[in-house]
Amino acid sequence: MPELPEVETIRRIVEQELVSQSVAEVLVRLPKLLRTSPIPTLEPLIDQTLVAARRRAKILLLDFSADQTLMMHLKLAGQVAVVHADGRRFVAGHPVPDPSGPLPHKSTHVEFRFSSGSILYVSDLRQFGWFRLMPLCEVERALAEFNFGPEAVGTDSISLSQLQDRLARRSIPIKITLLDQSVLAGLGNIYVDEALHRAKIHPATPANSVPASALPGLLDGIHWALDEGIAQGGAKIVHNKAYPVNGFPEVHGRRGEPCPVCGAVIEKIRVGARGTYFCPTCQPAKS
DNA sequence: TGCGTTGTTTCACC
DNA sequence: CGGTGAAACAACGC
């Protein structure tokens, strides 16, 4: 489920492995992925050079020569793979199908074949993702329509006072507020659970009831969760079960397992309409 | 087989 | 206008 860490991992792979390469051929097996695209096909990318790979919130932006930018959203189940002519492979995003299995596979919908022989495969088991091709000059306006808040991590990421201001106006659960991309951009269901556990805040606490004294810890928790996710190249969650690496994730996808901090049994509840994992001892409901 | 799944949008309503 | 809550939607695997 590509959230910020998965998308950032993909961005880094594309940047390191494909920038400055030229597109020889593009295959689109599932044209509906382009149904909201200003330019309805990817044909204009043929013979162009990949110039840069950028990210805003969970959106990946690939800039090509001749001022064309491809915006991609991977939604729930997008997976991106780069395979070089010598067989070296780099994969990130959704862990299903098996990233080390055959490519292309049943849910591989788009292929970019570069003149070097490297291939970029985009797969999407759920087919919820989308591609939008547009001139570079229209990217800023297209991004503005999403009303994204400040980035959750990185340079220019949200400040403590910005976070405080934004939470003060919300009475809905802190978890739902943090998932709102107009409040801050990048958190999804996995990492928000991790951030709140780290900060010892119950996920159903009204956002404006989180004490100011807890906000520095919350911001640290957000950064910790996302940085850890990026460091691992994304978390592996399959059918609501986590496959932790070095103990991360600590709670998400781990119902019934002991909390790594206190040993209490991790519970799963619903907050808003979201499956939510937390430790009832570390994150007590506010009395 | 109907349910669960998530990011996002839309809608009615206060 | 802005916040809220609920519903809808995309499509698939179990």
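Naming: A, B, ... by sequence-line order, numbering from 1 per chain.
Against DNA chain B, the stretch residues 266-275 of chain A makes heavy-atom approaches under 4.0 Å through A:Lys268, A:Arg270, A:Arg274.
Every residue two or more places apart in sequence or in another chain that forms a salt bridge (Lys or Arg N to Asp or Glu O under 4.0 Å) with A:Asp180 is listed here: A:Arg170. Residues satisfying the side chain to side chain donor-acceptor pair (under 3.5 Å) criterion with A:Arg12, sequence neighbours excluded, are A:Glu8. Remark: A:Arg113 engages A:Glu25, A:Glu111 in a salt bridge (Lys or Arg N to Asp or Glu O under 4.0 Å) (not counting sequence neighbours). Evaluation of the side chain to side chain donor-acceptor pair (under 3.5 Å) rule for A:Gln16 yields no partner, not counting sequence neighbours.
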Sequence neighbours left out, cut at 3.5 Å: what donor-acceptor pairs do the side chains of residues 76-87 of chain A make with other protein atoms?
| unit_1 | atom_1 | unit_2 | atom_2 | d |
| --- | --- | --- | --- | --- |
| A:Gln79 | NE2 | A:His94 | O | 2.8 |
| A:Gln79 | NE2 | A:Pro97 | O | 2.9 |
| A:His84 | ND1 | A:Ser118 | OG | 2.7 |
| A:His84 | NE2 | A:Glu17 | OE1 | 2.7 |
| A:Asp86 | OD1 | A:Arg88 | N | 3.0 |
| A:Asp86 | OD1 | A:Arg88 | NE | 3.3 |
| A:Asp86 | OD2 | A:Arg88 | NE | 2.9 |

Residues 270-278 of chain A side chain polar contacts: donor-acceptor under 3.5 Å, at least two apart:
| unit_1 | atom_1 | unit_2 | atom_2 | d |
| --- | --- | --- | --- | --- |
| A:Arg270 | NH2 | A:Ala273 | O | 2.9 |
| A:Thr276 | OG1 | A:Lys175 | NZ | 2.9 |
| A:Thr276 | OG1 | A:Arg274 | O | 3.0 |

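Counting to the nearest Å, the P atom of B:dT8 and the CG atom of A:Asp180 are 10 Å from each other.
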Restricting both atoms to N or O, compile the protein contacts to nucleotides 1-4 of chain C shorter than 3.5 Å, with distance only.
| unit_1 | atom_1 | unit_2 | atom_2 | d |
| --- | --- | --- | --- | --- |
| C:dG3 | OP1 | A:Arg169 | NH1 | 2.7 |
| C:dT4 | OP1 | A:Ser171 | N | 2.4 |
| C:dT4 | OP1 | A:Ser171 | OG | 2.6 |
| C:dT4 | OP1 | A:Ile172 | N | 3.4 |
| C:dT4 | OP2 | A:Arg170 | NH1 | 3.4 |

Show each protein N/O and nucleotides 9-11 of chain B N/O combination with a separation under 3.5 Å, one pair to a line.
none

Atom pairs under 3.5 Å, N or O on each side, protein against nucleotides 12-14 of chain C: can you list them with distances?
| unit_1 | atom_1 | unit_2 | atom_2 | d |
| --- | --- | --- | --- | --- |
| C:dC12 | OP1 | A:Gln127 | NE2 | 2.5 |
| C:dC12 | O2 | A:Arg126 | NH1 | 3.4 |

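Two end axes, each from the C1' atoms of five base pairs, can be drawn for the helix from B:dG2-C:dC14 to B:dC14-C:dG2; they diverge by 40°, to 10 degrees.
Listed by first then second residue, pairs satisfying ring-ring contact (aromatic ring centres under 6.0 Å, His included) with a partner in residues 121-172 of chain A read A:His73-A:Trp130, A:Phe146-A:Phe148, not counting sequence neighbours.
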